[in-house]
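Residue numbers start from 1 in every chain, and the chains themselves are labelled A, B, ... in the order their sequence lines are given, proteins ahead of strands. All heavy atoms count here, side chains included; hydrogens, waters and symmetry mates do not.
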Number of protein chains: 4
Amino acid sequence: MSEASAPAVRRADAQRDRILCAALRCFIEHGFHAASMANIAEAAQMSAGLIYRYFENKNAIVLAIMQRQLDEKRALIRQLQSADQFVDGLLKAFDDLCSTARGPMSVALMLEMSAEATRSPQVAEALRHSDDLTRAEFEDWLRRPREQGGAGLAAGQVRSRSLAIRFVVDGLALRAAREPDLDRTEVRVALEELLRTLLKPE
Amino acid sequence: MSEASAPAVRRADAQRDRILCAALRCFIEHGFHAASMANIAEAAQMSAGLIYRYFENKNAIVLAIMQRQLDEKRALIRQLQSADQFVDGLLKAFDDLCSTARGPMSVALMLEMSAEATRSPQVAEALRHSDDLTRAEFEDWLRRPREQGGAGLAAGQVRSRSLAIRFVVDGLALRAAREPDLDRTEVRVALEELLRTLLKPE
Amino acid sequence: MSEASAPAVRRADAQRDRILCAALRCFIEHGFHAASMANIAEAAQMSAGLIYRYFENKNAIVLAIMQRQLDEKRALIRQLQSADQFVDGLLKAFDDLCSTARGPMSVALMLEMSAEATRSPQVAEALRHSDDLTRAEFEDWLRRPREQGGAGLAAGQVRSRSLAIRFVVDGLALRAAREPDLDRTEVRVALEELLRTLLKPE
Amino acid sequence: MSEASAPAVRRADAQRDRILCAALRCFIEHGFHAASMANIAEAAQMSAGLIYRYFENKNAIVLAIMQRQLDEKRALIRQLQSADQFVDGLLKAFDDLCSTARGPMSVALMLEMSAEATRSPQVAEALRHSDDLTRAEFEDWLRRPREQGGAGLAAGQVRSRSLAIRFVVDGLALRAAREPDLDRTEVRVALEELLRTLLKPE
DNA sequence: CATGAATGAGACTTCATTCAT
DNA sequence: CATGAATGAAGTCTCATTCAT
């Protein structure tokens with residue numbers, strides 16, 4: 001049975017993935033609310049009815065996409081972790097976020113999710129969980145000695161610095177949505193000014 | 001005629017205001033898209049049809065509310081301007097933003113607007129305009145001598161500092177939506193660490 | 001009382017007339033259905049509510065306008081009655097009908113009324129009555145001796161000739177709606193061919 | 001694939017036809033504007049929403065019905081073409097037009113379309129095109145020798161005669177809407193008087 | 001007499017979801 | 001497993017009509 005069902009499971013996962021990729025494109029283009037199941041079905045090149053074999057309803061897709069976005073954000077933040085080129089990493093992330101087309105990560109969706117968190121406890125809980133994981137990982141890195149690729153901060157500094165950096169990163173993301181053509185040099189200078197002290201031990 | 005029409009004008013303005021207040025409540029509760037005209041009409045205690053006497057369509061209400069939100073945000077940022085207690089001001093703003101009930105300013109709507117800006121040029125334009133005004137005002141304050149209630153920064157520092165501080169303020173707002181019960185002491189420490197150098201001349 | 005009420009009656013009639021003139025303009029511009037009471041009120045420079053003091057409802061206005069159109073049509077046909085210049089008269093009428101702006105007579109409304117006659121017995125009855133009057137008048141003229149300004153037809157010819165001419169006149173009116181820029185010379189030749197024998201005794 | 005899609009196409013066409021037939025009944029009964037999508041849906045025994053799978057909006061249905069009416073009218077006029085029994089043909093057409101129930105051709109709709117042509121360029125264009133085709137066909141017949149089933153008119157006569165006959169035919173149609181119980185004998189005599197000379201060469 | 005704010009019914013349209021095929 | 005036709009609820013908006021002022 002396991003031999004028989006394994007491919008079936010794989011196929012089901014592939015279908016789910018196909019749907020989620022299509023949904024992501026639609027959500028980025030139109031927003032969670034304005035994208036229709038018909039849009040998604042067309043983008044996924046399947047019938048609308050079939051989607052309901054893999055997701056209970058549209059809301060389930062929305063939640064799944066939100067989860068994906070959270071994973072993407074964590075991955076994106078994890079990539080930042082290279083103390084020497086932190087600002088460079090932020091700038092590259094800013095660039096990516098400014099152009100919707102680049103990848104599966106969409107600031108617009110992140111913002112809509114954050115807004116939705118003030119209304120839906122379920123969404124708030126998911127965000128909280130993801131943020132907690134991100135922070136834990138990030139603080140590990142802040143704490144890790146420089147010779148092990150970390151930032152080498154003292155234990156007492158880690159908590160407040162991670163929060164401070166989160167403010168900066170989030171603010172940068174929000175700005176990517178509102179002023180995507182912000183001058184990159186200005187951004188770099190501002191970020192360097194902000195991070196100069198934050199990432200240097202005491 | 002002016003005596004006759006004045007009350008009529010007042011009444012019309014009162015109705016517009018009534019509708020906008022109702023709309024604000026609905027938008028905060030459901031979001032711009034999910035709130036229906038029926039919702040708004042009920043909240044404003046009037047028939048849905050009547051709303052169209054005062055606003056051309058739902059979008060006009062959305063834009064009016066967005067403009068209000070932008071004005072609120074500018075007012076909120078303007079209130080921050082007291083160099084010595086800048087962090088205190090931010091903390092208080094954070095507090096206000098965390099509790100939806102407090103006032104007409106809603107982080108959730110700000111986030112949705114920012115997301116919408118990536119799709120609607122009209123919204124993007126409104127945000128851009130408001131952001132420009134805010135920045136100009138804020139940079140005036142950064143530049144003004146301390147003895148005149150300003151921050152007393154050198155001209156060369158103003159541009160990058162205002163951008164840096166905007167990152168921090170925006171990040172703080174985003175955090176208010178996602179983690180409204182963040183420990184206030186941690187927030188204070190993080191903000192102090194960020195702003196310590198930013199608001200001190202060179 | 002008659003001295004007191006006479007001006008009141010006159011005023012009421014003036015108001016009714018004001019409304020009907022406004023309604024006519026609106027109906028010609030938008031059609032019976034698409035013209036709104038608000039349109040009419042604005043065109044009549046009075047409030048929408050006031051109209052209901054003079055007409056029970058929109059339908060009453062429609063019927064009154066229809067009656068007016070019938071009167072106009074009868075007047076228009078009566079003007080034709082000059083045997084020698086019958087074709088000239090038709091051509092001028094055609095010209096007038098082709099340009100909406102010229103007067104209160106509108107082919108479009110006539111056509112809509114005729115269509116409505118197939119649905120509403122009330123409208124059908126009004127049309128029938130008007131058509132009967134028109135025909136009676138027209139046949140009187142056909143019968144009247146030429147020296148008295150008539151067409152001088154024999155009694156036995158009058159009935160069928162009046163019907164035949166009615167076909168031609170109606171057909172001309174319909175064409176005015178569908179091909180307002182029809183070449184006038186072609187129209188003249190066609191009319192002359194049609195009427196050459198119809199208006200000449202036996 | 002052609003075997004698989006053919007029935008689907010047939011079904012779609014059947015549905016479109018079902019909708020158009022229902023719409024025709026509603027339009028005849030209420031007129032283009034007064035008939036609602038709900039009316040049509042009920043007449044077609046389907047939900048209102050489903051109609052939008054087959055027609056973009058109500059206007060598309062109106063235009064499709066208009067086109068059908070124009071085709072019907074052309075077919076009806078084409079059937080007239082038998083020089084000897086032209087009057088008989090007209091009388092039969094008059095009979096048919098007088099009873100709405102008989103077929104899909106409705107004078108009322110033709111009149112409304114003609115009225116609408118004075119307001120909507122799109123409708124005017126459609127009518128013009130149809131009228132042009134009708135005229136071309138009709139003039140061909142007028143020109144064709146009698147031994148080939150035509151009317152055998154000289155080339156110079158064709159233009160004005162076709163216009164003259166169009167006046168008569170249109171007038172007859174308008175009369176069908178306004179006086180459906182007109183005495184058939186009177187009509188016949190009038191038509192014979194009109195057409196006696198028009199269809200005879202020179 | 002006159003206004004125009006207010007209502008409520010109803011118009012068109014969209015869309016998540018279901019189900020026969 | 002897959003389709004897409006079908007539904008029904010809901011959304012935005014218009015408008016004839018009424019009524020307090």
Side-chain angles (χ1 to χ4, degrees), chain A residues 8 11-12 15 33-42 44-62, chain B residues 4-5 7-8 11-12 14-15 18 33-41 44-62, chain C residues 8 11-12 15 33-42 44-62, chain D residues 4-5 7-8 11-12 14-15 18 33-41 44-62:
Chain A
R11 168 156 176 80
Q15 291 281 60
H33 187 274
S36 73
M37 291 298 280
N39 290 153
I40 298 172
E42 191 188 20
Q45 288 174 286
M46 61 175 67
S47 72
L50 187 53
I51 294 181
Y52 286 83
R53 224 165 242 291
Y54 300 100
F55 293 92
E56 193 185 346
N57 50 31
K58 185 182 174 184
N59 200 51
I61 300 180
V62 170
Chain B
S5 67
R11 165 135 188 105
Q15 289 284 65
R18 189 184 184 72
H33 293 303
S36 74
M37 291 299 283
N39 290 152
I40 298 173
Q45 288 175 289
M46 60 176 68
S47 71
L50 185 55
I51 296 180
Y52 289 84
R53 187 170 279 280
Y54 301 100
F55 292 92
E56 195 183 346
N57 49 34
K58 185 183 172 184
N59 201 50
I61 300 180
V62 170
Chain C
R11 168 154 175 80
Q15 291 281 62
H33 187 274
S36 73
M37 291 297 281
N39 289 154
I40 298 172
E42 190 188 21
Q45 288 174 289
M46 62 175 66
S47 71
L50 187 53
I51 294 180
Y52 286 82
R53 226 165 241 291
Y54 300 100
F55 293 93
E56 194 186 346
N57 51 31
K58 186 182 173 184
N59 200 51
I61 300 180
V62 170
Chain D
S5 67
R11 165 136 188 104
Q15 290 283 64
R18 189 184 183 73
H33 294 303
S36 73
M37 291 299 283
N39 290 151
I40 298 172
Q45 289 174 289
M46 59 176 68
S47 73
L50 184 55
I51 295 180
Y52 289 84
R53 187 169 278 279
Y54 300 99
F55 292 92
E56 194 183 348
N57 51 32
K58 184 183 172 184
N59 202 50
I61 300 180
V62 170

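Summary of the strand contacts: L50(C) and R53(D) both lie near DNA chain F, and taking for each the nucleotide with the nearest heavy atom, the more 5' one is attributed to R53(D). Nearest-nucleotide assignment on DNA chain E puts the 5′-proximal partner with G49(C), out of S36(D) and G49(C). With the nearest nucleotide of DNA chain E identified for both N59(A) and Q15(C), Q15(C) has the one nearer the 5' end.
With a cut-off of 3.5 Å on both pairing distances, the Watson-Crick or G-U wobble partner of dT14(F) is dA9(E). Both distances falling under 3.5 Å, in either a Watson-Crick or a G-U wobble arrangement, place dA20(E) opposite dT3(F).
When rounded to the nearest whole Å, the span between CD of E42(A) and P of dG4(F) equals 12 Å. Distance I40(B) CD1 to dG11(F) C1': 12 Å, rounded to the nearest Å. Regarding I51(D), its CD1 atom lies at a distance of 16 Å from the C1' atom of dC15(E), rounded to whole Å. Between the C1' atom of dA11(E) and the NE2 atom of H33(D) lies a distance of 14 Å, rounded to the nearest Å. Across the protein-nucleic acid pair, E56(D) atom CD and dC12(E) atom C1' stand 13 Å apart, rounded to whole Å. Rounded to whole Å, the distance from CE on M46(B) to P on dT7(E) is 7 Å. Taking atom OH of residue Y52(D) and atom P of nucleotide dA10(F), one finds them 19 Å apart after rounding to whole Å. When rounded to the nearest whole Å, the span between CG of N57(B) and P of dT13(E) equals 17 Å.
In this structure, CD1 in I51(D) is found 10.5 Å from CZ in R18(D), a value given to the nearest 0.5 Å. To the nearest 0.5 angstrom, R53(A) atom CZ is 10.5 Å from Q15(A) atom CD. One finds the CD atom of Q45(C) at 12.5 Å from the CG atom of L50(C) (value rounded to the nearest 0.5 Å). Atom OH in Y52(D) sits 11.0 Å away from atom OG in S47(D) (nearest 0.5 Å).
Within the 4.0 angstrom heavy-atom criterion, only backbone atoms of the sugar-phosphate kind lie near A35(D); the bases stay farther away. Residue A34(C) is classed as having no contact, given no heavy-atom separation below 4.0 Å to the nucleic acid.
Between dT7(E) and S47(B), a contact under 4.0 Å exists linking OP1 or OP2 to a side-chain N or O.
The listed nucleotides are dA16(F), dT3(E), dA5(F); the one nearest the side chain of Y54(D) is dA5(F).
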